[in-house]
Participant: 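Submitted below is the structure of interest, expressed as structure tokens.
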There are 4 protein chains.
Amino acid sequence: MIELDWTRAMESTALADPLPRMDRAQSPRSDKRERILDAASAVFARDGYHRARVSDIAREANIAYGLVYHYFTNKEEILRTIFEERWSGLLDAVDGVARSDASVEEKLESVAALILDGYRVRPDWVKVVVLDILRTARFADPGQLRAVGRLFQLVARIVRDGQAAGVLRPDLDPGLACSAFLGALELVITSRVLDLVETRSAAGGPSEPDRSTARTVVDILLHGLQTGARPR
Amino acid sequence: MIELDWTRAMESTALADPLPRMDRAQSPRSDKRERILDAASAVFARDGYHRARVSDIAREANIAYGLVYHYFTNKEEILRTIFEERWSGLLDAVDGVARSDASVEEKLESVAALILDGYRVRPDWVKVVVLDILRTARFADPGQLRAVGRLFQLVARIVRDGQAAGVLRPDLDPGLACSAFLGALELVITSRVLDLVETRSAAGGPSEPDRSTARTVVDILLHGLQTGARPR
Amino acid sequence: MIELDWTRAMESTALADPLPRMDRAQSPRSDKRERILDAASAVFARDGYHRARVSDIAREANIAYGLVYHYFTNKEEILRTIFEERWSGLLDAVDGVARSDASVEEKLESVAALILDGYRVRPDWVKVVVLDILRTARFADPGQLRAVGRLFQLVARIVRDGQAAGVLRPDLDPGLACSAFLGALELVITSRVLDLVETRSAAGGPSEPDRSTARTVVDILLHGLQTGARPR
Amino acid sequence: MIELDWTRAMESTALADPLPRMDRAQSPRSDKRERILDAASAVFARDGYHRARVSDIAREANIAYGLVYHYFTNKEEILRTIFEERWSGLLDAVDGVARSDASVEEKLESVAALILDGYRVRPDWVKVVVLDILRTARFADPGQLRAVGRLFQLVARIVRDGQAAGVLRPDLDPGLACSAFLGALELVITSRVLDLVETRSAAGGPSEPDRSTARTVVDILLHGLQTGARPR
DNA sequence: CATGAATGAGAATTCATTCAT
DNA sequence: GATGAATGAATTCTCATTCAT
């Protein structure tokens, strides 16, 4: 089963800092930079992007106010970086899943696990992406929107492959199916973030790897809510 | 099948019914008040709550700046009012659905149709709710959060009733099922709002009553994506 | 001993409404007008002129918002009217005292009693004059300042007469003496208004006619704080 | 005789000591901060607290608008700070006077001189305190009221000590005596600030050290206005 | 006279961004 | 790199005054 090492994915700065670094086991630059990103994730998650002040981020990161502007040109770039550096890791992982020769069920379960696990390992980041970036995406550069769309496309490809293989019903619109799948996952997470509804397990916050939730969501999506006979 | 007359539920005035009525029974107070709410919905939907300026709302509503503060204590109260006055209409309708003696499938389809139809009839309002309120309210306004939770509870009740009646699989967590259902709907709408993915019909914006989408979403949720002995 | 009927003086509208009215035992005009003035006195006394809103005055007076502007051209005119209509009564009374052939001691005691009694009967009005009008007087029309100055002049005349009669020490500047006298009275009142210091009697608010305080203040001013021998 | 070095007590910078010092040991922070306080004193004294705009203060201080909010949370805090930082200096000085073993007469004369000298050295500040703070504080800020009350208490203590020593008449209420004393001083200053009455000297504005006024006021208060066996 | 909705200029406050040290 | 003071444009909110009914 394909997995994504979220911790590493979270520390990767591939997109923002594509130059290979000689030796930055702990170069001060990356140190401070990461601290800013982590602090920003926490503050954005807590207060929302618009209510968060740059000074809050600096305080949370325990660095000087002005230093934020050494590493980022403006507040928005912090948000964009949070998104890009980590979303690309997710896309790569999902892409790997989609290209693998696992069964459709396994693929979807892996994607669900990737996403749910992201919330477990980095709840702040997921909150920011779910609650702020998608909301801001209307205005920000269309590249961001496209990046979000890419996740849809990857999942839609899995669906289409399943339909081509005769495993999934061919009458269903892949786009709709994909929205249903990702939407289900998103709201499962959101309802936990916001504590909207109690679920039988793992309510209220991130806990151990939540493969059972992933399995249940995929189960619902694949086999439906109805009992076996499914008369109509 | 239970339906919600969104136009009435919205207490719409100018925007939905732009023809000036001869017998404008509306008191002048509520007239202007509604105009502000409609204008705010439009502006928030277009620019997002935080980017929208109160002066924009006033201009859009064709009223004086200060009048906004005659009817609302501040900008946030406008957002809260938009949500509350209309969400309660939705809750009432869903409650009616839940209490009816239709089949589970019919109930879920009605709920889906209610929600999707809201987007068709009042895209601005749905955009505001989906993009700003559901993501901004967070922890700030517990009343708002509770109102959102109530929708979950109503749907969860439908699910539980279905399980009790033996129509729905008893092994599934109703909370999770309900998140999956509403999440699917939400992302279907969001992906249209943001134009994230093309679906076979009704992509990119509101169109005719979208019962087919409702039916498909419920179909997926009830019978699953997988092929099998699920005649329709 | 000369006394001023504050209650009547307070209801006199001589300055602002010099035309003899045919019959206004209770004409609605004067009724509302007085209510506004009373309400304004109360609100100004409580919140201060600048913090008081016209709407507060209207609410306190139990009349419609806009009606205030039927009777007064603007907020400042309310303040001016409060001052003028009632200050002129005080000036007349003090003038009567000054012209009388009572002794200096009696005159000063009467003036002190007039002022202290004003506070007893109409604490709001005195608060407004003491706390707001003198403060605003810097900017408002100089006539107001002159009206305040007239009280000084009347008292100064009493002092000068006393000096001419050989009753008061001729070496003292009448202006200074007069400031000391009125200042003492003012701070006695203010310290009660603000509850700054506890005095042996009548602390905290208006009570019965406070002739004893008047007598004590004049006693201090005339005979000094020192014990009889007054050695130096 | 105990004196208060107002210039030092004021921690004055630019206005009182306009010559740029070579060794400006002042940290930049306190430098700007003081400039704001001095500018605010000037503007408040000229226009009154409520009419003064924060932008006026910034212009007067020759700094950027927003910097005011770097040092003070809001306009009111500027007023409060002006009062507190300097009133405490006065209180300390008066306290020193009260504790000294000078005669009652000397003590009161010193207090009068302290207060009158404050007006001579820092007319702006005194105007602000007299015209805005003492009349605005009211019931709003209990801390401020308490600070004002402390002056009363210190003076009342001097009076009581004098009574205990048999120098002052025991029949007089110390609170009243103290109000009379401070009130006399206050109105002497106010009448100069507002140019209400001409006194034989020092009319209309601050001039040389005004010990003679202090002596006269104390003379009046101690020995009274009346002629009699009061050699001096 | 009464009413209270409507108007809009004015002022406070916020905070992203720049810059001197 | 680091610091945090300095800047000022942008916006919200207030409230005296006007006006239509």
Participant: From C-beta outward on A64(C), which listed nucleotide comes closest to its side chain: dT3(E), dA6(E), dG1(F)?
Facilitator: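 For the A64(C) side chain, the nearest candidate turns out to be dT3(E).
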Participant: Hey, which of these two, A52(B) or H50(C), hits DNA chain F nearer its 5' end, going by closest nucleotide?
Facilitator: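 Here A52(B) is the residue nearer the 5' end.
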Participant: For the backbone of Y49(B) and the side chain of K75(B), can you confirm whether one donor and one acceptor N or O come within less than 3.5 Å of each other?
Facilitator: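 Judged by distance alone, yes, a pair lies under 3.5 Å.
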Participant: Choose from dG1(F), dT3(E), dA12(E) the nucleotide whose nearest atom is closest to any side-chain atom of Y69(D).
Facilitator: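 Side chain of Y69(D) sits closest to dA12(E).
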Participant: In whole Å, what is the span from the CG atom of L67(B) to the C1' atom of dT14(F)?
Facilitator: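 Whole-Å distance recorded here is 14 Å.
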Participant: Please figure out whether R53(C) or V68(A) has its closest DNA chain F nucleotide nearer the 5' end.
Facilitator: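 Nearest nucleotide further toward 5': that of V68(A).
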Participant: Does any N or O in the side chain of D38(D) come within less than 3.5 Å of the main-chain N or O of R35(D), such that one atom is a donor and the other an acceptor?
Facilitator: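 Not confirmed, D38(D) side chain does not pair with R35(D) backbone.
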Participant: Does dC1(E) have OP1 or OP2 under 4.0 Å away from a side-chain N or O of Y71(C)?
Facilitator: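 It does, given that an N or O in the side chain of Y71(C) lies less than 4.0 Å from OP1 or OP2 of dC1(E).
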Participant: Represent DNA chain E in dot-bracket notation, 5' to 3'. Only Watson-Crick or G-U wobble pairs with both distances under 3.5 Å count; pseudoknot-style crossings use [ ] and interstrand partners use |.
Facilitator: .||||||||||||||||||||
Participant: Main chain of V129(A), side chain of D132(A): is a donor-acceptor contact present, judged purely on distance under 3.5 Å?
Facilitator: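 Between the backbone of V129(A) and the side chain of D132(A) there is no qualifying donor-acceptor contact (under 3.5 Å).
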Participant: Does the side chain of V54(B) reach to within under 4.5 Å of the side chain of Y69(B), using non-hydrogen atoms?
Facilitator: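 Side-chain contact under 4.5 Å: yes.
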Participant: Regarding A58(A), tell me which of base, sugar-phosphate or nothing describes its non-hydrogen contacts under 4.0 Å with the strands shown.
Facilitator: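 Answer is nothing: A58(A) stays at 4.0 Å or more from every strand.
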Participant: Under the 3.5 Å rule, do the base of dT17(F) and the side chain of Y65(C) count as making a donor-acceptor pair?
Facilitator: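 Per atom types, the contact qualifies.
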Participant: Please tell me which of the listed nucleotides, dA16(F), dA5(F), dA12(E), lies nearest to the side chain of K75(D)?
Facilitator: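 Output: dA12(E).
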